[in-house]
Amino acid sequence: GPFGSVEEVVAFEPPAHMGYVAHKGMPVRRYRADVWLSPKDAGTEVHWVGSLTPLVPGTGPLVAAYARSFVRRFISGLQNFARGAPG
């Protein structure tokens, strides 16, 4: 669709780590993220770290805020999925 992205997995160490880069679909250059999973209490802790370069100079804080918001929504949806709750 019009809001999809093209990403490539560049690091894969099951079951705890995956790294990826975005090639298309994001309003940034050089997006790279790494996700680590580790057991915590009766669940799983997710540690997600990313870096990017904004397309428009000076918009870094705005782009970073959007990226943080996107990751939070993604994690929330993932939690709901794991619990069997609807979207």
*Only pairs at least two apart or in different chains count here, so list each salt bridge (Lys or Arg N to Asp or Glu O under 4.0 Å) that has a residue in residues 59-83.*
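Checked against salt bridge (Lys or Arg N to Asp or Glu O under 4.0 Å) - neighbours excluded - no pair reaches residues 59-83.
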*What closest approach, in Å, do Gly60 and Pro54 show between heavy atoms, and which atom pair accounts for it?*
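Between these two residues, the closest heavy atoms are CA-CG, 3.5 Å.
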Identify all side-chain donor-acceptor contacts of residues 4-20 below 3.5 Å with residues at least two apart in sequence or on another chain.
residue	atom	partner	partner atom	Å
Ser5	OG	Glu7	OE2	3.2
Glu8	OE1	His23	NE2	2.7
Glu13	OE2	His17	ND1	2.7
His17	NE2	Asp34	OD1	2.8
Tyr20	OH	Tyr31	OH	3.1

*Are Phe74 and Val63 connected in a single hydrophobic cluster, I mean Ile/Leu/Val/Met/Phe/Trp/Tyr linked by side-chain heavy atoms less than 4.5 Å apart?*
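Yes, because Val63 and Phe74 connect within a single hydrophobic cluster, where side-chain heavy atoms sit under 4.5 Å apart.
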*Answer with yes or no whether the hydrophobic clustering places Ile75 together with Val35; edges join I, L, V, M, F, W, Y residues whose side-chain heavy atoms lie under 4.5 Å apart.*
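Both belong to a single hydrophobic cluster.
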*Using atom types as modelled and distance alone, determine if a side-chain donor or acceptor of Arg29 lies under 3.5 Å from a backbone N or O of Leu55.*
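Checked: pair present.
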Expected list for residues 42-53: side-chain donor-acceptor pairs under 3.5 angstrom, two or more places apart:
none

